[in-house]
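When a ligand or atom number is given, it counts from 1 through the structure's own listing order.
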Amino acid sequence: MSAAPTRRVLVANRGEIAVRVIRAAHTCGWEAVAVHSDADADSRWVVLADDARRIGPSPARRSYLDIDAVLEAARDSGCTHVHPGYGFLAERPEFARRVTEAGLTYVGPSAEVIESMGDKAAARRTAEQAGVPVVPGSGVVADAAAARAAAADVGFPLLIKAAAGGGGRGIRVVRTDDELDDAVATAQAEASASFGDGSLYLERCIENARHIEVQVVGDTHGNVVHFFERDCSVQRRRQKLLEEAPAPGLAATLRDEITSAAVRLAAEVGYQGAGTVEFLVEGQAFYFIEMNTRIQVEHPITEMVTNTDLVAEQLRVAAGEPLSVTQDDITLSGAAVEFRINAEDPEQDFFPSPGELVRFDSPNGPGVRVDSGFVAGGQIVPYYDSLVAKVVVHGRDRDEALARAEQALTEFTVEGVVTTRDLHLSLIADEAFRAGGVTTTWFEERSTGPR
Ligand code: ADP
Ligand code: ADP
Ligand code: MG
């Protein structure tokens with residue numbers, strides 16, 4: 001038997017997703033190299049990796065966002081592949097391009113595909129070409145006059161969106177036309193400052209919608225499959241708090257339509273790697289909003305209900321191998337919910353709560369999975385995202401998953417930082433949530449503190 005070539009992946013990220021990629025690499029027989037800033041020198045991902053490189057000081061701009069430093073780490077440690085994780089450089093076409101130019105393989109789609117989907121206004125056009133319904137809206141509006149003309153068609157309330165926005169940022173609601181001019185000016189300035197691109201477009205505000213997204217994966221052999229959907233409607237400031245799979249109460253016919261629309265869009269652009277196609281669903285109507293060209297924070301719930309390893313599939317695709325499954329192999333089993341445990345204080349308007357994890361007793365038991373970048377004694381530092389852990393529970397059905405969730409969240413004891421755990425316990429006790437199918441504004445309309 002000839003030995004498989006050694007593949008070595010640079011994990012260009014931190015926290016739980018860095019740990020997740022290292023695990024998948026090892027299960028695929030690959031080696032993994034971690035990177036870290038000064039603040040993360042003693043981190044869990046550095047310990048779990050086969051090798052590690054410092055890439056700079058603590059501020060993300062000077063470390064995890066520094067393309068030169070990341071590429072230098074990859075070259076210096078003899079890596080063959082680079083996995084971007086999510087956030088940071090994960091949706092920057094220039095990063096994918098630079099990785100490829102350095103003679104390494106990027107774990108994800110090509111720079112061209114990232115570019116065409118990363119610009120949300122361009123992605124809407126591609127969706128229309130693929131026959132996928134989009135939210136009624138406009139192309140890029142150059143100035144206030146163009147925005148006024150487009151708004152007359154779109155109607156109020158509407159959203160002004162930054163074409164380059166992401167992470168819940170770069171979106172602004174406009175309720176009446178006398179608010180429009182000011183909103184366009186502010187949105188343009190904000191988008192230029194935050195994303196380096198002031199391009200804006202308009203979308204009708206869909207007020208009673210659920211956020212339902214479809215996991216897709218394409219390989220280099222022309223296969224594109226979906227792994228069903230996730231419901232991520234429980235949001236605060238357009239950021240997800242918890243997610244579940246499958247979407248509760250989604251009619252089978254609508255599920256078929258949405259999943260095939262997602263596959264159609266991915267196939268249209270020759271998509272390779274893992275990606276997520278996001279939709280708003282209102283009644284029986286569904287509208288494309290955007291595609292994320294990377295692994296998603298909430299991918300584990302899909303892994304639980306489809307019994308797959310999506311990060312391993314990403315690595316397989318990057319190695320030029322076909323997907324390990326065909327569409328017919330992918331079936332839904334039970335229900336799963338993910339709770340984002342953030343170091344934030346829900347009683348103080350979700351103010352970040354960095355500090356040492358003095359206690360960190362994570363739950364386990366049947367159907368319970370905890371993905372975290374930290375162990376007891378670790379530090380939640382103020383420079384980055386406040387995600388401490390993801391509690392993921394699976395059950396034969398949604399009721400069993402939620403019963404396991406209540407037990408798991410109750411067992412989860414964290415001391416040293418304030419977390420969103422109690423908020424999640426109050427959410428799963430909430431009648432509206434238990435009934436299933438809440439909309440994207442539900443959480444903010446409900447009282448924000450634990451009850
Ligand atoms: P997902 O889309 O996987 O549910 P999020 O929307 O929470 O996840 O975003 C994933 C990560 O990427 C988070 O850390 C978020 O803060 C970050 N992120 C996403 N887009 C941007 C962006 N344009 N600028 C800065 N951070 C971003
Ligand atoms: P991001 O790139 O920041 O994730 P999205 O376009 O995915 O931006 O939108 C984030 C969230 O904002 C959605 O999940 C939804 O709650 C809300 N949203 C986006 N577009 C609309 C719309 N047209 N009408 C109502 N809500 C919307
Ligand atoms: Mg989104």
Side-chain angles (χ1 to χ4, degrees), residues 86-88 90-92 114-128 132-141 147 150-151 153-175 183 187 190-191 194-195 197 199-216 229-244 247 258 262 265 274-283 285-299 338 340 385 437-446:
Y86 55 69
F88 297 122
E91 286 177 284
R92 303 259 181 108
I114 298 173
E115 198 148 42
S116 71
M117 284 296 162
D119 179 324
K120 294 168 147 193
R124 284 169 52 87
R125 290 196 299 274
T126 310
E128 284 182 303
V132 173
V134 301
V135 181
S138 73
V140 169
V141 291
D153 283 342
V154 174
F156 292 92
L158 56 76
L159 300 182
I160 301 179
K161 287 188 165 186
R169 300 181 314 128
I171 300 179
R172 175 176 292 268
V173 187
V174 183
R175 304 222 156 254
E190 276 178 9
S194 312
F195 313 115
D197 174 359
S199 308
L200 305 177
Y201 64 102
L202 308 185
E203 252 179 32
R204 181 178 300 163
C205 182
I206 314 285
E207 295 199 88
N208 286 301
R210 296 167 68 183
H211 172 118
I212 296 182
E213 59 184 35
V214 178
Q215 176 72 57
V216 295
E229 83 284 0
R230 298 182 283 257
D231 186 328
C232 315
S233 302
V234 180
Q235 301 182 354
R236 174 180 171 271
R237 297 195 176 162
R238 307 183 201 291
Q239 283 186 330
K240 300 156 188 169
L241 292 174
L242 66 81
E243 306 89 0
E244 51 184 314
I258 295 176
L265 175 60
T276 298
V277 185
E278 297 190 333
F279 298 95
L280 290 178
V281 176
E282 190 186 35
F286 66 94
Y287 309 96
F288 168 80
I289 47 174
E290 67 154 346
M291 179 167 192
N292 293 322
T293 54
R294 54 170 167 85
I295 194 77
Q296 203 97 352
V297 175
E298 56 275 20
H299 75 277
E338 172 184 280
R340 297 192 190 195
D385 198 275
V438 298
T439 63
T440 56
T441 50
W442 172 74
F443 177 79
E444 288 187 332
E445 283 162 5
R446 166 192 191 271

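For atom 27 (C) of ligand 2, the nearest non-hydrogen atom from the set L159, V173, T440 belongs to L159.
Residue I171 approaches ligand 2 through these ligand atoms, each under 4.0 Å from one of its heavy atoms: 8 (O), 9 (O), 10 (C), 12 (O). Less than 4.0 angstrom separates some heavy atom of E278 from each of these atoms of ligand 2: 7 (O). Near E203, meaning under 4.0 Å from one of its heavy atoms, ligand 2 places the atoms 20 (N), 21 (C), 22 (C), 23 (N). Near V135, the atoms of ligand 2 lying under 4.0 angstrom from a non-hydrogen atom of the residue are 23 (N). Atom numbering of ligand 2 starts at 1 in the shown order; those under 4.0 Å from a heavy atom of Q235 are 11 (C), 13 (C), 14 (O), 15 (C), 16 (O). Atom numbering of ligand 2 starts at 1 in the shown order; those under 4.0 Å from a heavy atom of R238 are 11 (C), 12 (O), 17 (C).
When distances from the Mg ion (ligand 3) to the N, O or S atoms of E290 are compared, OE2 comes out shortest.
The main-chain N or O of V140 is never found under 3.5 Å from a side-chain atom of S199 such that the two would form a donor-acceptor pair. One N or O on the side chain of D119 and one on the backbone of A121 form a donor-acceptor pair closer than 3.5 Å. At distances below 3.5 Å, not a single donor-acceptor pair connects side-chain atoms of R175 with backbone N or O atoms of P157. Of the possible donor and acceptor atoms, one in the side chain of S233 sits under 3.5 Å from a partner among the backbone N and O of H211.
At least one N/O/S atom of E278, whether from backbone or side chain, sits less than 2.8 Å from the Mg ion (ligand 3).
Residue F288 is tested with V135, L280, L265 for a side-chain contact (heavy atoms from CB on, under 4.5 Å); the sole match is L265. For the salt bridge (Lys or Arg N to Asp or Glu O under 4.0 Å) with R124, the lone residue among E278, E203, E290 that qualifies is E203. With respect to E338, the side-chain contact (heavy atoms from CB on, under 4.5 Å) criterion is satisfied by exactly one of E298, K240, H299: E298.
Minimum interatomic distance between S138 and Y201 (heavy atoms only, all atoms of both residues): O-CB, 3.7 Å. In plain terms, the two heavy atoms of A183 and R172 that are nearest each other are O-CD, 3.7 Å.
Geometrically, ligand 2 and G168 share a nitrogen or oxygen pair separated by less than 3.5 Å.
Distances shorter than 4.0 angstrom occur between a heavy atom of K120 and an atom of ligand 2. Judged by the shortest distance from any of its heavy atoms, K161 lies inside the 4.0 Å radius around the atoms of ligand 2. For the ligand labelled ligand 2, residue A209 lies outside the 4.0 Å heavy-atom shell.
Contact annotation: for N292 versus ligand 2, there are no heavy atoms closer than 4.0 Å. When heavy-atom distances to ligand 2 are checked against a 4.0 Å cut-off, R204 comes that close only through its backbone atoms N, CA, C and O.
Using modelled atom types and a 3.5 Å distance limit, the side chains of E213 and T276 yield no donor-acceptor pair.
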